[in-house]
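Both counts, for ligands and for their atoms, begin at 1 and track the order of listing.
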Amino acid sequence: MSQMLEPFTSLVDLRLGTVEPRRDVVERRLSDMRGMYLEEPAGGGDPLVYTVYGIPVPETGDNVMSSTTVLEPGTVGREFYMTKGHRHEVRDRAEVYFTLAGEGRLVLATDDGDVRVEEMHRGTVNYVPGNWAHRSVNVGGLPLVFFAAYVADAGHDYGTIEEHGFPVLVVAGDGGPEVVDNPRYSG
Ligand code: S6P
Ligand code: ZN
C-alpha cells in the first residue's frame with residue numbers, strides 16, 4: 001500500500017516557468033551536454049541550457065510526478081539548445097507536456113528508429129506514449145517553458161540516448177528551423 005499523501009498546491013509562473021514552493025531544482029549547463037551536439041561548443045563559459053523545477057511525490061505507479069522545464073534559447077553550431085532526452089526506465093510509462101511559453105519542437109523516437117517531431121508552443125498539449133524516447137528543442141528566441149506530468153515510477157534512462165542519439169536533429173536553417181538526419185545516429 002502506498003503512503004497516503006496530503007493534498008497540496010504549487011504555483012507556476014506561466015512566463016518564467018518557476019514553481020513555488022521551490023522543492024527540487026535541477027540545472028543543466030552546456031558542460032552537462034558534452035558529446036550531444038555535432039559540433040564542439042565555441043566560446044568560453046558554461047552557459048545554462050535548461051532548468052527543471054520539480055514537484056516531487058513518491059516514485060510509485062499510483063502517483064503523478066510533475067515539473068516545469070525552462071529551456072533557454074541558443075545554438076551550438078546550427079543545433080538549437082535542447083534537453084538531454086531520455087526514455088523512461090519503466091519503458092511503457094506515458095507523459096503529457098503542456099507548453100506555457102516559447103516555441104519548440106518535441107522529438108520522439110522508438111527503439112526501432114521510428115521518429116516524430118511535434119510542435120510546441122503556448123497551449124499545445126503533447127502526448128508522449130510509453131516506449132517513445134523524447135527530447136525538447138527550443139527553436140525560438142525566448143525561453144521555452146513547459147509543464148510535464150507523468151506516472152511517478154517512470155524513472156529516466158539517459159544512457160541509450162547518450163550512446164545512440166536521436167535519428168534526427170533540429171537545426172537553424174535559412175528559413176527557420178529544419179529537421180535533418182543525424183549523421184551520427186547509431187540505432
Ligand atoms: C520527465 C520529463 C521532463 C524532463 C525535462 C528535462 O519525464 O520528460 O520533466 O525530465 O524536460 O529533460 P531531460 O531529458 O534532461 O530529463
Ligand atoms: Zn520523460
- Task: Just need the protein heavy atom nearest to atom 15 (O) of ligand 1, so name the residue and atom and give the distance.
- Result: Y50 OH, 2.5 Å

- Non-hydrogen atoms of S136 versus ligand 1: any pair closer than 4.0 Å? no

- Message: Is it true that T160 and R87 share a donor-acceptor pair across their side chains at a distance under 3.5 Å?
- Response: yes

- Item | salt bridge (charged side-chain N to carboxylate O under 4.0 Å, His left out) assessment of R105 paired with E118 | CA-CA 6 Å; R105 299 287 184 274; E118 300 287 323; over 6 Å; no

- Query: Got the closest protein heavy atom to atom 11 (O) of ligand 1, with its distance?
  - Reply: T69 OG1, 2.8 Å

- Message: Run Y97 and F146 through ring-ring contact (aromatic ring centres under 6.0 Å, His included) and show every step you take.
- Response: CA-CA 6 Å; Y97 278 13; F146 62 91; 4.5 Å; yes

- Which residue holds the protein heavy atom closest to atom 4 (C) of ligand 1, what is that atom called, and what is the gap in Å? H86 CE1, 3.8 Å

- Item | Contact (N/O only, under 3.5 Å) between H156 and ligand 1 | yes

- Task: Give yes if a backbone or side-chain nitrogen or oxygen of S67 is under 3.5 Å from a nitrogen or oxygen of ligand 1, and no if not.
- Result: yes

- Item | Stacked cation flag R116 on Y127, 6.0 angstrom / 45 deg | no

- salt bridge (charged side-chain N to carboxylate O under 4.0 Å, His left out) between E103 and R122, worked out: CA-CA 7 Å; E103 199 198 338; R122 184 176 154 82; over 6 Å; no

- Query: Any N or O on Y150 sitting closer than 3.5 Å to an N or O of ligand 1?
  - Reply: no

- Look at ligand 1 and say whether H88 reaches it with a heavy atom at a distance under 4.0 Å. yes

- Provide the number and element of each atom of ligand 1 under 4.0 Å from a heavy atom of F146. 11 (O)

- Task: Would you name the N/O/S atom of H88 that lies closest to the Zn ion (ligand 2)?
- Result: NE2

- Within reach of ligand 1, part of E95 (heavy-atom separation under 4.0 Å): side chain

- Message: Quick test of your reading of the model: are E178 and R78 salt-bridged, counting only N-O distances below 4.0 Å?
- Response: yes

- atom 8 (O) of ligand 1 has as its nearest protein heavy atom Y97 OH, 2.6 Å

- Within-cut-off N or O pair, V52 and ligand 1, under 3.5 Å: no

- Task: Could you check atom 12 (O) of ligand 1 against the protein and tell me its nearest heavy-atom contact, residue, atom and distance included?
- Result: T83 CB, 3.5 Å

- Note on the structure: Residue pairs passing the ring-ring contact (aromatic ring centres under 6.0 Å, His included) test with at least one member in residues 48-86, sequence neighbours excluded, are H86-H88, H86-H134, H86-H156, H86-Y158

- Test item: side-chain donor near acceptor, D112 and T110, under 3.5 Å: no

- Task: Starting from atom 16 (O) of ligand 1, locate the nearest protein heavy atom and write down its residue, its atom name and how far away it is, to 0.1 Å.
- Result: Y158 OH, 2.5 Å

- Does the distance from a Lys or Arg side-chain N to an Asp or Glu carboxylate O, for D153 and R93, drop under 4.0 Å? yes

- Message: Taking 2.8 Å as the cut-off, does H134 contribute an N, O or S atom near the Zn ion (ligand 2), distance below it?
- Response: yes

- Task: Measure from the Zn ion (ligand 2) to every N/O/S atom of E95 and report the name of the nearest one.
- Result: OE1

- Query: Quick one: does D181's side chain have a donor or acceptor within less than 3.5 Å of a partner on P183's backbone?
  - Reply: no

- Message: Under 4.0 Å from a heavy atom of H134: which atoms of ligand 1 are those, numbered in the order shown and with their elements?
- Response: 8 (O)

- Message: I'd like to know if the side chain of D32 and the backbone of R29 have a donor-acceptor N/O pair within less than 3.5 Å.
- Response: yes

